[in-house]
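Single-structure report; data block below.
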Number of protein chains: 2
Amino acid sequence: MVDRSLRETSPDALHATLAEAAGAARIWSSLAPGARATALRAVADDLAAASAELIPLAIEESHLGTDRLTGELGRTTFQLRMFADLLDDGSYLRASIDLPDSAWPPAPRPDLRRMLVPLGPVVVFAASNFPFAFSVAGGDTAAALAAGCPVVLKAHPGHPRLSARTGAIVAAALAANGAPQGTFSVIHGDEAGRSAVTSEHIRAGAFTGSLQGGRALFDLACARPEPIPFYAEMGSLNPVFVTQAAASVRVSQILAEFATSFTLSAGQFCTKPGLLFVPADEVSDALIVEALATHRSGAPLLNEHIRQGYEYGLTALTDHASVRTVVGDESSASADPTPSVLATSVADLLKASDELLVECFGPMSLVVEYADDEELLAAASAFGGQLTASVHGEEDEAIAPQLLEILSQVAGRVLWNGWPTGVSVTDAMQHGGPYPATTAPLHTSVGSASIERFLRPVSYQTMPDRLLPPALRQENPLGIPRLVNGEREVV
Amino acid sequence: MVDRSLRETSPDALHATLAEAAGAARIWSSLAPGARATALRAVADDLAAASAELIPLAIEESHLGTDRLTGELGRTTFQLRMFADLLDDGSYLRASIDLPDSAWPPAPRPDLRRMLVPLGPVVVFAASNFPFAFSVAGGDTAAALAAGCPVVLKAHPGHPRLSARTGAIVAAALAANGAPQGTFSVIHGDEAGRSAVTSEHIRAGAFTGSLQGGRALFDLACARPEPIPFYAEMGSLNPVFVTQAAASVRVSQILAEFATSFTLSAGQFCTKPGLLFVPADEVSDALIVEALATHRSGAPLLNEHIRQGYEYGLTALTDHASVRTVVGDESSASADPTPSVLATSVADLLKASDELLVECFGPMSLVVEYADDEELLAAASAFGGQLTASVHGEEDEAIAPQLLEILSQVAGRVLWNGWPTGVSVTDAMQHGGPYPATTAPLHTSVGSASIERFLRPVSYQTMPDRLLPPALRQENPLGIPRLVNGEREVV
């Protein structure tokens, strides 16, 4: 029996879905922020209430574990509620009022009031590796809906039934809370996804996945007759640098933490530490093998596509003349891969950076030995845009500030004595970075600031109070934080 | 004698300039904001001190008048000082601190601190119509330098000697105030401009000019191996809608103001009102002719390129079967054009929107007569992205909120009983809009918020205080506004 949810969305059905999203935009965007907050909380409540149904579906389709998926569903409902709180607070509107000033240079200033408004319908591409938190009801969906933008969600084929079920819950909860038909819908199939990116009804796109996939969609978005912003998060190598001083004090502890981090969820995180730079004289194969001792069992990958990609990437690295295998994949051909650690030197890495500085999504990492601080700094300077870069060091080391300065140039998040896996959902989180980590270095796809991707500013000039949006009216009926003449308004 | 400043920048010279900009980036970006503020104020002081030299040069090369150019230079120095004040204030860094929270869902939250950092070297394309405020030392340059980004300024060929002289003053003032060589440089020639957009050293671009030129550069920026943000402001039709009620009370006054606005600086503003929608039964050719009575003299256009483009565009509109000429260009072939007003109906406009909804840069505008409110709303719904849209109405009219809602969907700035020319430089100004007004609907190219185009967020996780940037250290040594756990920090 063919599962309906597996069918690709037909061009006719897609056309209807996109037109409905465009129709819904005006109503959904003009609801009071508090009304959208209520709807988002209802989505969170209904997803939480359905966990006994959703978690088993997710396990079946993603092969991830119960604890991981339970935590991820908790993160998903937390994100929805965080955006609801953000709507209630209102600071996300960035309301700013400049009162008239006849002495303003070079010409008198009129009454000007600026706030952010929704961009319009957004197409969101779900990821495979977070079947909840970066999928149907994930961060991109929550941020766009909170901003006031209808969402057309392109489901990931890795978990089609979970996508359909989650989508039905989201749509029902929204509909029961004042959202018009078309505020949220799920589409299936790559061709439908590409068509959505080029549709006149779509005003922005968001994506989490591979560099190849993200770049192709970004190119489509830019080549439109009317280009639209396309926010693709495309992964990262997430290099980790262990200084001489840190290694001499605690190399075994660092290697143990490294093993835990890169094998988490079978290495299927875009924040997996893909490279560990350690001083050659402080590390040995024996130490690495010892660190992996409690991480030798295999774990299933998300799907056959990911598995094939992993095997291909691992083989290419393993077979590279400059790379040696410290811990190899010990699984038989058809079994789940066990964690691998490869090794090379900075000199060899820099000579073959095109082949070795590539993301290999799965349970492997590359240890890179450096001879001295000069090599360490040279290695740190070799990276393009990264989601994260980490340093394990001692804070009074001379090299620490140099290393951090270099890494701040390329990474969205810089960690000290920490591991990049585990992305906290907060105000101050930055999950993004220069290309090729993302196509949009000014933005984050995790945390409250991710709502900014779906909002644009509008200024109202000499507008009568009653015709202004409530957020900008003189009496501040929404009670939101605002700037007046550049200063925080006293309420 | 060939003026050196007219020579196109050679590939070798360009290469050296771009490499210097890249070298300057680390130093300029890491100066304390206060040091960059001092340098920007010095630029403003030196430009103001050179006005007796610069204004005549500008008049000679742009054909604009003394008053206009004096005001524009005042605006330019004001912008530089505004950004200096912004640097001193520090709120532009959007510093945000989330303290550790072991109860944070779904996992304990680490110490996370987020702020904005400079993107890196920016190529800025100067405009012809604002030889000061959107040229060498204009808003884009001021915003990028303030952000901490070196600027490679592609001069507009319309005012080469003014560009060279202004550039020399800017570079000298910066150098005298701690900016390294390469912080600011001027390049000449379209090929050099295109090469800069595709250079590995350049991290963003900004442009003010034509749709064709802006789109071509945007496409280059997006097609790079590593795409970069490209902020093109490409002009606008700036439709103005006069409601039935407003017209019945004060159509003559509105037409007089309209004539003043669209003929200002010979219509060479990207905010020129290009279309005026008026009720058919309240307007007549005689009233329009009367409104133009004090605006019949010719004025020189900026340069021959602009003049040819204007003549071509005006002829195409004048010759269109659906358009009649109410006030024609009365100049002889070689003389300066006098203001023109053409007219059509909403029905004809919508039938031929591809030919009639096009910007014609110069002293002309199109009056569009509508029969009833239904036609007015249909016309308002016909527009793509605009820098501005204006309504002249009475605030208790039923149509006012409908019209404003439609226009807020497409315009960056919505005006009530005002005229779009005259863009105030303030916090709450939005000079931007959806495509084709710009390539970056989330941003403004005028006002303090324009600095955001050149900054990207970085989060620091569990970083020791001494290794954090000063803006994020616990004791807040810069004394800047910050959020701590989402609340404004109490200083």
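So you know, we letter chains A, B, ... as the sequences are listed, proteins then strands, and number each from 1.
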Between the CG atom in A:Leu407 and the OH atom in B:Tyr460, the distance rounded to the nearest 0.5 Å is 10.0 Å
CG of A:Asp427 to OG of B:Ser459: how many Å apart, nearest 0.5 Å? 10.5 Å
Pick from B:Asp111, B:Thr70, B:Thr77, B:Asp396: which one has the most heavy-atom pairs with chain A under 4.5 Å? B:Asp396
Which portion of B:Arg113 sits near chain A, non-hydrogen atoms under 4.5 angstrom: backbone
Region of B:Ala221 in contact with chain A, defined by heavy-atom distances below 4.5 Å: neither
Working to the nearest 0.5 angstrom, can you tell me the gap between B:Met463 CE and A:Ser408 OG? 7.0 Å
Contact part of B:Arg203 toward chain A, heavy-atom cut-off under 4.5 Å: side chain, backbone, both or neither? neither
Spacing of A:Gln461 atom CD and B:Arg413 atom CZ [to the nearest 0.5 Å]: 4.5 Å
For the candidates B:Pro227, B:Gly74, B:Gly71, which exhibits the highest count of non-hydrogen atom pairs separated by less than 4.5 Å from chain A? B:Pro227
Side chain / backbone / both / neither for B:Leu455 at chain A, heavy atoms under 4.5 Å: backbone
Would you indicate whether the side-chain heavy atoms of B:Pro434 and A:Glu226 approach each other to under 4.5 Å? no
Would A:Val458 and B:Val414 count as a side chain to side chain contact (heavy atoms under 4.5 Å, CB included) if you check the C-alpha gap in whole Å, the side-chain angles of each, and the deciding distance to 0.1 Å? CA-CA 7 Å; A:Val458 174; B:Val414 182; 4.1 Å; yes
Okay, B:Pro118 and chain A: the region with an atom under 4.5 Å from a heavy atom over there is neither
Portion of B:Pro229 that has a non-hydrogen atom of chain A nearer than 4.5 angstrom: side chain
Which atoms of B:Leu404 come close to chain A, meaning under 4.5 Å heavy atom to heavy atom: side chain ones, backbone ones, both, or neither? side chain
Contacting region of B:Val410 [heavy-atom separation from chain A under 4.5 Å]: backbone
A side-chain contact here means heavy atoms from C-beta on lying under 4.5 Å apart; do B:Cys222 and A:Asp219 qualify? no
Select, from B:Gly418, B:Ser96, B:Pro464, the one with the greatest count of heavy-atom pairs under 4.5 Å involving chain A. B:Pro464
Does any backbone or side-chain atom of B:Ala411 lie under 4.5 Å from a heavy atom of chain A? Answer side chain, backbone, both or neither. backbone
What part of B:Phe78 lies closer than 4.5 angstrom to a heavy atom of chain A: side chain, backbone, both or neither? side chain
So CD of B:Glu395 and CG of A:Leu467: to nearest 0.5 Å the spacing works out to 6.0 Å
Within this structure, what is the CZ-CD distance for the pair A:Arg94 and B:Glu452, rounded to the nearest 0.5 Å? 4.0 Å
Show your reasoning for whether side chain to side chain contact (heavy atoms under 4.5 Å, CB included) applies to A:Glu405 and B:Arg26. CA-CA 9 Å; A:Glu405 195 205 334; B:Arg26 195 159 290 176; 2.7 Å; yes
